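These numbers come from a predicted model, not from an experiment.
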Number of protein chains: 2
Amino acid sequence: MYNILIIDDDLELTQLLAEYLQQNTFAVVVENKALHGIELVKQGNFDLLLLDVMMPELDGFEVLKQIRSFSTIPVIMLTAKGEDYDRILGLELGADDYLPKPFNHRELIARIKALTRRVDDLSSFNQVQQLDLHGIKIEDASQRAVVNDVEIDLTGTEFQLLSVLMRHAGHILTKDKLSVDVLGRRLSAYDRSLDMHVSNVRKKLSQLGIENIIKTVRGSGYLFKLDAE
Amino acid sequence: MYNILIIDDDLELTQLLAEYLQQNTFAVVVENKALHGIELVKQGNFDLLLLDVMMPELDGFEVLKQIRSFSTIPVIMLTAKGEDYDRILGLELGADDYLPKPFNHRELIARIKALTRRVDDLSSFNQVQQLDLHGIKIEDASQRAVVNDVEIDLTGTEFQLLSVLMRHAGHILTKDKLSVDVLGRRLSAYDRSLDMHVSNVRKKLSQLGIENIIKTVRGSGYLFKLDAE
DNA sequence: GTGAAGTGTAAAGCTTGTGTAAAGGTAGCT
DNA sequence: AGCTACCTTTACACAAGCTTTACACTTCAC
């Protein structure tokens with residue numbers, strides 16, 4: 001699964017874009033604040049960055065410059081201007097590609113794929129991206145979750161579920177969103193499948209001494225806790 | 001030194017382009033005939049291809065298709081048309097980038113550099129001739145795999161499979177990717193050939209006392225383990 | 001309280017992916 | 001042609017793991 005981060009202050013566009021990319025089996029996180037976006041890249045859980053050039057506070061070039069000082073993540077720049085100079089500057093600063101708005105969605109997908117074709121081979125070479133919260137470490141590349149050097153034997157769906165929850169730690173995720181992200185379908189009435197997966201993940205975690213990390217928010221959904229209590 | 005091949009029937013443009021690129025320390029070869037160009041790529045002395053879309057006889061898409069059947073050389077398409085559809089088609093056929101004519105020369109350089117940044121990383125990675133993991137040593141040049149000074153008698157395909165898996169140790173490789181990399185074709189429905197090769201490699205390894213090194217990740221692919229357990 | 005709706009989870013059912021033996025096919029060699 | 005080595009296909013068994021069912025429990029509104 002490909003994790004894409006979008007840094008763009010345009011709420012409407014990012015919303016649309018996220019949906020479209022999700023339909024094309026990419027996992028998407030949207031960040032509307034440039035500074036916050038840099039931090040997200042630092043955490044290192046993304047495979048590709050879509051970066052808007054025109055943003056208040058910090059413009060895209062500055063963001064790119066900062067990101068390139070610590071990361072080689074593939075970057076596609078988005079911009080409203082069609083001017084040569086912008087394109088060239090972006091590319092020279094270390095962007096991999098450039099797409100002028102408004103763009104054809106299919107072209108975006110094609111460009112993402114063209115870039116990932118190259119980078120895929122490279123990824124095993126780059127630092128492995130992993131996420132570590134409350135002593136639970138997950139690694140997408142190998143689909144492994146580890147607690148105190150002990151591997152948790154998760155099924156693919158369970159891993160996916162834990163991964164989505166952890167990536168959104170501290171935020172409630174509705175069952176409907178989880179169902180779409182994890183099982184790839186809308187939640188329908190009387191579908192208890194997701195509940196079962198949550199139950200199973202909890203069971204496996206508790207065998208390793210981890211309890212109450214996935215909280216139920218009755219009527220709303222589930223939540224991976226940020227702070228222990 | 002970077003060797004660039006230009007396939008384009010426009011004599012005037014190619015002349016200019018060649019000079020410009022040479023000034024920027026690239027080595028350039030111009031080929032005005034599409035068919036002849038394919039042969040040049042086959043000989044394999046180029047690092048990057050600039051390919052014109054509009055050509056008599058054979059158009060650029062057809063040329064790209066043929067080249068992609070035997071080579072992963074980075075390709076930037078050049079075309080007079082600015083239409084979305086052309087761009088997308090080119091990218092989906094396996095081009096890495098696309099540049100509409102007339103283009104800014106500095107942008108061309110920037111795009112070439114953006115692409116080579118990625119590919120350079122990759123080639124230095126693939127040039128690793130020897131790999132040694134868990135006591136399994138493989139040597140690409142001689143197509144040999146050795147465990148404790150005992151040679152494993154692998155067929156060409158089996159060696160290739162093991163080599164790809166080991167180069168991506170710790171990362172899940174989808175069956176589709178493995179099929180492309182090892183068997184040279186897309187995985188099609190009910191194709192069990194790859195599974196058989198995995199089975200055979202495992203069998204041969206287990207005869208030498210190595211077990212559970214190639215892990216099945218159900219629904220995702222195979223994985224050469226990084227850490228023993 | 002009482003009923004309704006939401007949630008936890010054991011167990012059963014069922015689909016699908018995978019392992020592998022064996023047969024079939026193909027290319028290269030003598 | 002016949003042989004050999006190897007790749008691919010076929011066939012079947014098996015296991016993994018996703019979903020459904022069923023029932024107990026909790027929470028909340030009235």
Side-chain angles (χ1 to χ4, degrees), chain A residues 1 143-145 151-165 172-207 210-224, chain B residues 143-145 151-165 172-207 210-225:
Chain A
M1 171 69 88
Q143 225 173 89
R144 270 162 28 109
E151 180 165 350
I152 320 172
D153 184 27
L154 297 173
T155 70
T157 306
E158 287 160 8
F159 178 86
Q160 193 60 28
L161 171 63
L162 181 61
S163 165
V164 173
L165 284 170
I172 297 172
L173 289 168
T174 63
K175 287 193 177 190
D176 195 63
K177 175 155 177 57
L178 280 171
S179 182
V180 171
D181 285 5
V182 176
L183 306 176
R185 60 163 187 265
R186 296 292 303 274
L187 189 69
S188 56
Y190 309 115
D191 187 341
R192 309 298 311 284
S193 189
L194 193 70
D195 304 67
M196 280 312 306
H197 291 299
V198 171
S199 172
N200 291 332
V201 170
R202 280 174 172 156
K203 199 195 297 174
K204 288 180 179 177
L205 285 177
S206 82
Q207 279 165 12
I210 298 178
E211 311 259 6
N212 304 323
I213 220 68
I214 300 173
K215 190 180 163 193
T216 303
V217 184
R218 193 185 164 86
S220 300
Y222 294 101
L223 161 75
F224 191 96
Chain B
Q143 299 263 303
R144 272 159 35 100
E151 180 164 351
I152 320 173
D153 183 27
L154 297 173
T155 69
T157 306
E158 287 161 7
F159 176 84
Q160 194 60 28
L161 171 64
L162 183 61
S163 164
V164 172
L165 283 170
I172 296 171
L173 290 169
T174 62
K175 288 192 176 190
D176 194 62
K177 177 156 177 56
L178 281 170
S179 182
V180 171
D181 286 4
V182 175
L183 306 175
R185 59 162 188 267
R186 297 291 303 275
L187 189 69
S188 55
Y190 309 115
D191 187 341
R192 308 299 310 285
S193 187
L194 192 70
D195 304 65
M196 281 312 305
H197 291 299
V198 171
S199 174
N200 291 332
V201 170
R202 279 176 172 156
K203 202 192 296 174
K204 288 180 180 177
L205 286 177
S206 82
Q207 279 165 13
I210 299 178
E211 312 257 6
N212 304 322
I213 218 71
I214 299 174
K215 187 181 163 190
T216 304
V217 184
R218 193 184 166 86
S220 298
Y222 294 100
L223 162 76
F224 191 96
K225 285 194 199 165

key: Short side-chain N/O contact from A/T155 to OP1 or OP2 of D/dC18, under 4.0 Å   = yes

ask   = Do B/V180 and B/R186 have side-chain heavy atoms sitting under 4.5 Å apart?
value = yes

ask   = Within a strict 4.5 Å, meaning less than it, do heavy atoms of the B/L165 and B/L178 side chains meet?
value = yes

query = Quick one: bend of the helix from C/dG1-D/dC30 to C/dT30-D/dA1 from 5 pairs per end, to 10°?
reply = 30°

ask   = Any side-chain N or O of B/K175 less than 4.0 Å from the OP1 or OP2 oxygen of C/dT18?
value = yes

query = Between the side chain of B/K225 and the main-chain N/O of B/N212, is any donor-acceptor distance below 3.5 Å?
reply = yes

ask   = A/D195 has a side chain; which of C/dT9, C/dG19, D/dT8 sits nearest to it?
value = C/dT9

query = B/S193 or A/D191: which one's nearest nucleotide on DNA chain D is closer to the 5' end?
reply = B/S193

message = Taking only side-chain N and O atoms of A/S199, does any of them lie within less than 4.0 angstrom of OP1 or OP2 on C/dT7?
response = no

ask   = Is any side-chain nitrogen or oxygen of A/K203 closer than 4.0 Å to OP1 or OP2 of C/dA10?
value = yes

query = Can you give one letter per nucleotide of nucleotides 21-30 of chain D, 5' to 3': B if a protein heavy atom sits under 4.0 Å from the base, S if only from the sugar-phosphate, - if neither?
reply = BB---BB---

key: Separation of atom CZ in B/R185 from atom C1' in D/dT9, rounded to whole Å   = 11 Å

inquiry  = Rounding to an integer number of Å, can you tell me how far A/L187 CG sits from C/dG6 P?
reply    = 11 Å

key: Within-4.5 Å side-chain heavy-atom neighbours: B/I172 and B/Y222   = no

Shorter than 3.5 Å, N or O on both sides, protein versus nucleotides 24-30 of chain C: list them out with atom names.
none

ask   = Quick one: is C/dG17 close enough that its OP1 or OP2 comes under 4.0 Å of any side-chain N or O from B/Y222?
value = no

ask   = Sub-3.5 Å donor-acceptor pair from the side chain of A/R144 to the main-chain atoms of A/E151, do we have one?
value = no

message = On the nucleotide C/dG8, are OP1 or OP2 found under 4.0 Å from the side-chain N or O atoms that A/T216 carries?
response = yes

Show me the side-chain donor-acceptor pairs of residues 154-163 of chain B shorter than 3.5 Å, one per line, residues at least two apart or across chains.
{"from": "B/T155", "atom 1": "OG1", "to": "B/E158", "atom 2": "N", "distance (Å)": "3.2"}
{"from": "B/E158", "atom 1": "OE1", "to": "B/T155", "atom 2": "N", "distance (Å)": "3.0"}
{"from": "B/E158", "atom 1": "OE1", "to": "B/K204", "atom 2": "NZ", "distance (Å)": "2.7"}
{"from": "B/S163", "atom 1": "OG", "to": "B/R167", "atom 2": "NH1", "distance (Å)": "3.4"}

request  = Starting at atom NZ of B/K215, determine the distance to atom P of C/dG19, rounded to an integer number of angstrom.
outcome  = 13 Å

inquiry  = From CG of A/N200 over to P of D/dG17, roughly how many Å is that when rounded to an integer?
reply    = 11 Å

key: Atom-to-atom span, CG of B/N212 to C1' of C/dG19 - whole angstrom   = 14 Å

task = Look up atom OG in B/S199 and atom CG in B/L194, then write down how far apart they are to the nearest 0.5 Å.
result = 11.0 Å

query = Hey, are the side chains of A/V164 and A/K177 touching, using non-hydrogen atoms and a 4.5 Å cut-off?
reply = no

message = Exactly one of A/V217, A/L173, A/I214 should register a side chain to side chain contact (heavy atoms under 4.5 Å, CB included) with A/L223. Which one does?
response = A/V217

message = Output the rounded distance in Å from CG (B/L154) to C1' (D/dA5).
response = 14 Å

message = To the closest 0.5 Å, what do you measure between CD1 (B/I213) and OG (B/S206)?
response = 12.0 Å

inquiry  = Going by the rule side chain to side chain contact (heavy atoms under 4.5 Å, CB included), which residues pair with A/R185 if we only count those two or more places apart in sequence or in a different chain?
reply    = A/S179, A/L183, A/D191, A/S193

inquiry  = Counting only side-chain heavy atoms from C-beta out, which of D/dC7, D/dT20, D/dT19 sits nearest to B/H197?
reply    = D/dC7

query = Near DNA chain D, under 4.0 Å by heavy atom, which residues of residues 156-164 of chain B?
reply = B/G156, B/T157

ask   = Measuring from B/L205:CG to B/R202:CZ, what's the distance to the nearest 0.5 Å?
value = 10.0 Å

request  = Return the nearest nucleotide to the side chain of A/R202; candidates are D/dC6, C/dG8, D/dT9.
outcome  = C/dG8

